[in-house]
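Structure, as structure tokens:
Chain A is the first sequence line, chain B the second, and so forth, proteins listed ahead of strands; every chain is numbered from 1. Model, not experiment: these values are computed from the prediction.
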There are 2 protein chains.
Amino acid sequence: MINYTNNLREHNLKATPQRLAITDILYTKGHISVEVLYEMMQKKFYSISLATIYKNINLMIENSFIQEVKIPNAKSVYELTKEEHSHLVCQKCNEVLDIKIDLDSIVTKTSDAYHFNIKNSNLILSGLCQNCQ
Amino acid sequence: MINYTNNLREHNLKATPQRLAITDILYTKGHISVEVLYEMMQKKFYSISLATIYKNINLMIENSFIQEVKIPNAKSVYELTKEEHSHLVCQKCNEVLDIKIDLDSIVTKTSDAYHFNIKNSNLILSGLCQNCQ
DNA sequence: TATTAAAAGAAAATAATTATCCTTTAAGGG
DNA sequence: CCCTTAAAGGATAATTATTTTCTTTTAATA
Ligand SMILES: [Mn+2]
Ligand SMILES: [Mn+2]
Ligand SMILES: [Zn+2]
Ligand SMILES: [Zn+2]
């Protein structure tokens, strides 16, 4: 288990055992929902409060340490902040994959066409993974 | 106010006054949240129940008459089902615009690269509209 | 090692959504 | 047009999701 103390501190987050565990789970699993995170945390912390999960998720989002991924027709998942990327989601097994897609030309064209100052792009492709089709 | 009776029936939805009004609001506003829809409906139906709003939204989604649009860092909005399109969202005034972007080549490339059978693509570009920047 | 602001945990409160139950009504057949 | 009936609406309760409050514990630092 990697030590994430400094990663947390760089985002102005105290490195508590609970946060280190959340970070480790996110690192290992990649994308995780609130309820699954809570279940996994309960295995490590006998009496962790669900409020601790929510408070940490919210604070970590505020401090850009993690990000929410809103998936069509499914619960949100959370992931450690990394460079901008898109997602591939299996509608059957709910696997979530990071994919790198160049959206620059789309963003540029759209910015010009609509006089929008586009700051973020969010692309989710949904379907069936190899196993599920 | 257009008559949406047949549109509803084509989706196996009884054409009640409440549903006709919901449809009219969606048609007029384009994209709307649950709470705003409820407020607008209350002006037309003195004692409409919030449960009626939720039950209709859910049933209309099931019957593909409307669709949910999940927006990063904001509440979901709902819209009448139309041909697949992407969205441009202003992070300040929350305006939601429909945009037509060709994602075919991205979808094809990604399908091949990851052996995914991609069924839906969902692109949201967020930033500041002309007025808000 | 002492200080302190922040975090954790427990529980209550609030918000969001769904279910239940009874009344009303849209739709279709006669 | 009436009748019939399954479905929908409204009121309210129940459930689920999330946030707040308050007290205790602890990470950070000096
Ligand atoms: Mn990701
Ligand atoms: Mn739209
Ligand atoms: Zn799958
Ligand atoms: Zn704007």
Any side-chain donor paired with an acceptor under 3.5 Å for [X] and [Y]?
X: B/Q91; Y: A/N120; answer: yes
X: B/H31; Y: B/D98; answer: yes
X: A/E79; Y: A/H85; answer: yes

Whole-Å distance separating the [atom1] atom of [X] from the [atom2] atom of [N]:
X: B/N12; N: D/dA6; atom1: CG; atom2: C1'; answer: 14 Å
X: B/I48; N: D/dT12; atom1: CD1; atom2: P; answer: 16 Å
X: B/M60; N: D/dA8; atom1: CE; atom2: P; answer: 10 Å
X: B/F45; N: D/dG10; atom1: CZ; atom2: P; answer: 8 Å
X: B/L8; N: D/dA8; atom1: CG; atom2: C1'; answer: 13 Å
X: B/Q18; N: D/dA11; atom1: CD; atom2: C1'; answer: 14 Å
X: A/L59; N: D/dT18; atom1: CG; atom2: C1'; answer: 16 Å

N/O donor-acceptor pair under 3.5 Å between B/T23 side chain and B/R19 backbone |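 Confirmed, B/T23 side chain pairs with B/R19 backbone.
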Within the distance-only criterion (no hydrogens, no angle test), does the side chain of B/D24 pair as donor or acceptor with the backbone N or O of B/L20 below 3.5 angstrom?
->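 Between the backbone of B/L20 and the side chain of B/D24 there is no qualifying donor-acceptor contact (under 3.5 Å).
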DNA chain C: B/T16 or B/K75, which has the more 5' nearest nucleotide?
->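 Of the two residues, B/K75 wins.
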First of B/R19 and B/S47 reached from the 5' end of DNA chain D, by closest nucleotide |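 Closer to the 5' end of DNA chain D: B/R19.
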Does the D/dG10 base have a donor-acceptor partner in the side chain of B/K55 within less than 3.5 Å?
-> yes
Global bending angle along the helix from C/dT1-D/dA30 to C/dG30-D/dC1, which compares the axes of five pairs at either end, to 10 degrees = 50°
Does [X] [atom1] have over 12 foreign heavy atoms under 6.0 Å away?
X: B/K92; atom1: NZ; value: no
X: A/K43; atom1: NZ; value: no
X: B/F45; atom1: CZ; value: yes

It should be established whether [X] places a side-chain nitrogen or oxygen under 4.0 Å from OP1 or OP2 of nucleotide [N].
X: B/T52; N: D/dG10; answer: yes
X: A/Y54; N: D/dT18; answer: yes
X: A/N58; N: D/dT18; answer: no

Using a heavy-atom cut-off of 4.0 Å to chain B, what are the terminal contacting nucleotides of DNA chain C, in 5' to 3' order?
-> C/dA16 to C/dA27
Quick one: do A/E35 and A/K75 make a salt bridge, cutoff under 4.0 Å?
->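 So A/E35 pairs with A/K75 through a salt bridge.
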Heavy atoms under 4.0 Å, any strand shown: does A/L50 hit a base, just sugar-phosphate, or nothing?
->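 The residue A/L50 makes base contact.
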